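Remember, it's a predicted structure, so these values are computed and weren't measured experimentally. Whatever order the structure lists them in is the order used to number ligands and atoms, beginning at 1.
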Amino acid sequence: MRKLLLLKYASEIFLKGLNKGKFEKKLRDNIKNVLGKTKYDFVVDEGRWFIGCDDMDEAIAKLKKVFGIAEICIVDEVEPDMDSIKEQCLKSIQQNSGGTFKVVTKRANKKFPLNSMEVSREVGAHILKNTENLTVDVRKPDFFVNVEIRDSAYVYSKRIKAIGGMPYGTNGSTMLMLSGGIDSPVAGYMMARRGVRLNCVYFHSHPYTSERAKEKVKELARILKGYTGSINLYVAPFTEIQMQIIKNCREDELTIIMRRFMMRIACKLAEKYNVDSVTTGESVGQVASQTMEGLIVSNDVADRPVFRPLIAMDKVDIMDEARKIGTYETSILPYEDCCTIFVPKHPKTKPRVSEIRKAESVLDIESLVEEAVKNTELFN
Ligand code: ATP
Ligand code: MG
């Protein structure tokens, strides 16, 4: 009859009890958004979601980026009778040149005359009779032939692993501190994959950081949008703050004081735009400012939860992830960022909250933060 895509969503969504409907609705809206102008039919058959469209490859490429979809199966819909099922199963398995297989049947339609075991057995026998180099292995087969009997019958043996996670927009929101580096886009992606809505803030030190550095951050936000749909990117001016810190504070404390300002502004923007939390790309021990003490001192000024999804990851693994999600090539473009311009030679690796609070008390913290928030620009 026709080819369809069967979408299997992450098993965690099944665990949501009464909230399941909310998650499903969000997922469905996200699918609709990502498919955009692609012409398609959405078919629901007893809780199973199918998509029918002309250009399967294009649809698969798009659906592979939708958080919450765990697997996409290319299925053939056939008449719910044994002859059609057997014939289609044979056809789909003939795409494989040999090996072991197992037939798995789900029978949701209880009016169907055979039970699941009987269907699997008959289909298996039919395949064995009509092929030469295939054998059955029920424990560890090379591939499965799946039969689902609902209003129609569906046959598939091709499964494509999709992105998994939770539907975007189902788990609150975060203000991602997005620099032009390798780490923060990965951190944002990981939060988004758990359903957390992203907003981004970039601290820009014009003219010490160039327009190109800002464009690079916009490009990273654009790549993340490929997974999430629209994202607000806030660009906060940071030059005046850095200048004040450099003029008034000790060199070895510059970085940590600067990081506290970033945290304060991120929290203020979060408050202003109703965002629940803050996310950074920090990983413990990666650089001088990311020691346990450094993280504690920057948390000291946060008034909402700060998430650091990369906290326990090695740099090489973060880089692999960046390549997978498509941000790596942009991240390694060599434009300066505001932290690399004013790097002290020997930054403090064990700052203490009390000593840093005192060190920065010479600055007019409140008005510096207020001014930066007031002059923040929005891009989306
Ligand atoms: P990244 O690769 O994400 O830039 P990094 O290894 O360079 O991280 P730092 O420069 O110490 O580490 O920054 C730590 C985190 O602070 C970043 O992951 C990011 O979340 C945030 N951050 C740093 N600089 C900026 C900036 N200019 N704008 C926004 N966030 C920033
Ligand atoms: Mg950086």
Relative to atom 1 (P) of ligand 1, which among Gly294, Gly281, Ser179 owns the nearest non-hydrogen atom?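 Result: the heavy atom closest to atom 1 (P) of ligand 1 is in Ser179.
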Heavy-atom proximity to atom 29 (C) of ligand 1, best of Phe238, Tyr234, Phe203: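 Going through Phe238, Tyr234, Phe203 one by one, Phe203 has the nearest heavy atom to atom 29 (C) of ligand 1.
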Find all atoms of ligand 1 within a distance of less than 4.0 Å from any non-hydrogen atom belonging to [X], and give their numbers and elements.
{"X": "Asp183", "value": "1 (P), 2 (O), 3 (O), 5 (P), 6 (O), 8 (O)"}
{"X": "Val201", "value": "29 (C)"}
{"X": "Gly181", "value": "1 (P), 2 (O), 4 (O)"}
{"X": "Tyr202", "value": "27 (N), 28 (N), 29 (C)"}

What are the two closest heavy atoms between Cys53 and Tyr40, and how far apart are they?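 Reported closest heavy-atom pair: CB-CB, 3.9 Å.
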Where's the contact between [X] and ligand 1, heavy-atom distance under 4.0 Å: side chain, backbone, both or neither?
{"X": "Leu176", "value": "neither"}
{"X": "Thr279", "value": "neither"}
{"X": "Gln290", "value": "side chain"}
{"X": "Ser289", "value": "side chain"}

Are any of the N or O atoms of [X] closer than 3.5 Å to those of ligand 1?
{"X": "Val287", "result": "no"}
{"X": "Ile182", "result": "yes"}
{"X": "Thr280", "result": "no"}

Side-chain donor-acceptor distances from residues 59-67 under 3.5 Å, at least two apart:
unit_1 : atom_1 : unit_2 : atom_2 : d
Lys62  : NZ     : Thr38  : OG1    : 3.0
Lys62  : NZ     : Glu58  : OE2    : 3.1

Taking a cutoff of less than 4.0 Å between a non-hydrogen atom of the residue and any ligand atom, is Arg259 in contact with ligand 1?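 So Arg259 counts as touching ligand 1.
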Got a salt bridge between [X] and [Y], using NZ or NE/NH1/NH2 to carboxylate O under 4.0 Å?
{"X": "Lys348", "Y": "Glu355", "value": "yes"}
{"X": "Glu215", "Y": "Lys218", "value": "yes"}
{"X": "Asp300", "Y": "Arg260", "value": "yes"}

Going by salt bridge (charged side-chain N to carboxylate O under 4.0 Å, His left out), name the residues that satisfy it together with Asp45, two or more places apart in sequence or in a different chain.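 Testing Asp45 for salt bridge (charged side-chain N to carboxylate O under 4.0 Å, His left out), a comparison that skips the adjacent residues, returns none.
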Kindly confirm or rule out a cation-pi arrangement of Lys214 over Tyr202, judged by NZ or CZ under 6.0 Å from the six-membered ring centre and within 45° of its axis?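 No, cation not above the ring by the 6.0 Å, 45° rule.
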For the ring pair Tyr156 and Phe144, is the centre-to-centre distance below 6.0 Å?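 Centroid distance Tyr156-Phe144: not below 6.0 Å, so no.
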So, Gln242 and Tyr208: side-chain donor and acceptor under 3.5 Å apart, yes or no?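 Side chains of Gln242 and Tyr208: no pair found under 3.5 Å.
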